[in-house]
Each structure stands twice: as structure tokens, then as C-alpha cells.
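Heavy-atom basis, side chains included; hydrogens, waters and symmetry copies ignored. This chain uses plain numbering: 1 for the first residue, then up along the sequence.
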Amino acid sequence: MWTQTSSFIFDNLSKDTGLFWLLHKKRGCTVSYDEIKINVWPERILHKSEKPDVRREEINMLVYRLRKKLGKYGQSIVSVPRYGYMLDI
């Protein structure tokens with residue numbers, strides 16, 4: 001499940017489920033790459049003041065897999081160039 005701090009952090013969720021939950025919670029709003037990193041990969045934060053060590057390619061591959069799992073609904077995940085993603089439903 002997830003615990004709430006200053007931002008919500010996922011525990012025991014697959015990465016694609018965590019990403020979907022984050023996008024759904026903020027549907028209609030753009031979610032930045034940094035916000036995705038912090039919320040989907042909290043285990044890769046070394047110090048509280050740092051962002052997780054997650055490359056953009058990892059995020060893009062996760063979005064690709066999630067879109068595939070969602071089938072025809074995957075097109076609802078919209079890329080916002082140089083910023084992040086949005087669930088447009």
C-alpha cells in the first residue's frame with residue numbers, strides 16, 4: 001500500500017501500478033518526471049534532499065509497459081514534452 005508524507009510514496013506496489021495510481025490521482029494535470037521519480041522509485045532516494053537516481057529512459061519504458069497493459073486506454077497517457085506525463089481522462 002502507500003504511506004503519506006509530504007508527498008505520497010508507494011510501498012509494495014509494482015512500478016506500473018504505482019505510476020498508474022499517481023497519474024490517476026492527478027488526472028488532467030501534468031505529473032513531472034521528478035514527481036514520478038520520487039513517488040514511484042522511493043527506494044532509490046539516498047538522502048532526503050536528493051531525487052532518486054532514475055534515468056528518463058526508465059520512466060519512458062515504464063510508461064510504454066503501462067500503455068501496453070492498458071490496451072486501447074493506454075492512449076490516455078499523454079506525453080508532455082520535456083516535462084512529464086498526464087492521464088487525460
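- In this structure, Glu35 pairs ionically with Lys26, as a charged nitrogen and a carboxylate oxygen lie closer than 4.0 Å.
- To the nearest 0.5 Å, atoms CD1 (Ile59) and OG (Ser79) are separated by 11.0 Å.
- Both Val31 and Tyr33 are assigned to one and the same hydrophobic cluster, defined by single-linkage of ILVMFWY side chains at heavy-atom distances under 4.5 Å.
- Asp34 has its side chain within reach of Lys37: a pair of non-hydrogen atoms, C-beta onward, lies under 4.5 Å apart.
- If you chain together hydrophobic residues whose side chains sit under 4.5 Å apart, Leu70 and Leu22 fall into the same group.
- Using a 4.5 Å heavy-atom threshold, the side chains of Val40 and Trp21 count as separate.
- At a threshold of 4.5 Å between non-hydrogen side-chain atoms, the residues Ile89 and Tyr73 do not count as touching.
- Met86 pairs in a side chain to side chain contact (heavy atoms under 4.5 Å, CB included) with only one of the listed residues (Ile77, Thr30, Leu23), which is Thr30.
- Looking at heavy atoms from C-beta onward, Asn60 lies out of side-chain contact with Arg55 at the 4.5 angstrom threshold.
- When each of Lys68, Arg65, Lys69 is tested with Asp16 by the rule salt bridge (charged side-chain N to carboxylate O under 4.0 Å, His left out), just one qualifies, namely Lys69.
- A heavy-atom distance below 4.5 Å is found between the side chains of His24 and Arg27.
- Among all heavy-atom pairs drawn from Glu58 and Asp53, the shortest one is OE2-O, 4.3 Å.
- Contact of the Leu19 side chain with the Tyr85 side chain is not registered, since no non-hydrogen atoms from C-beta on lie closer than 4.5 Å.
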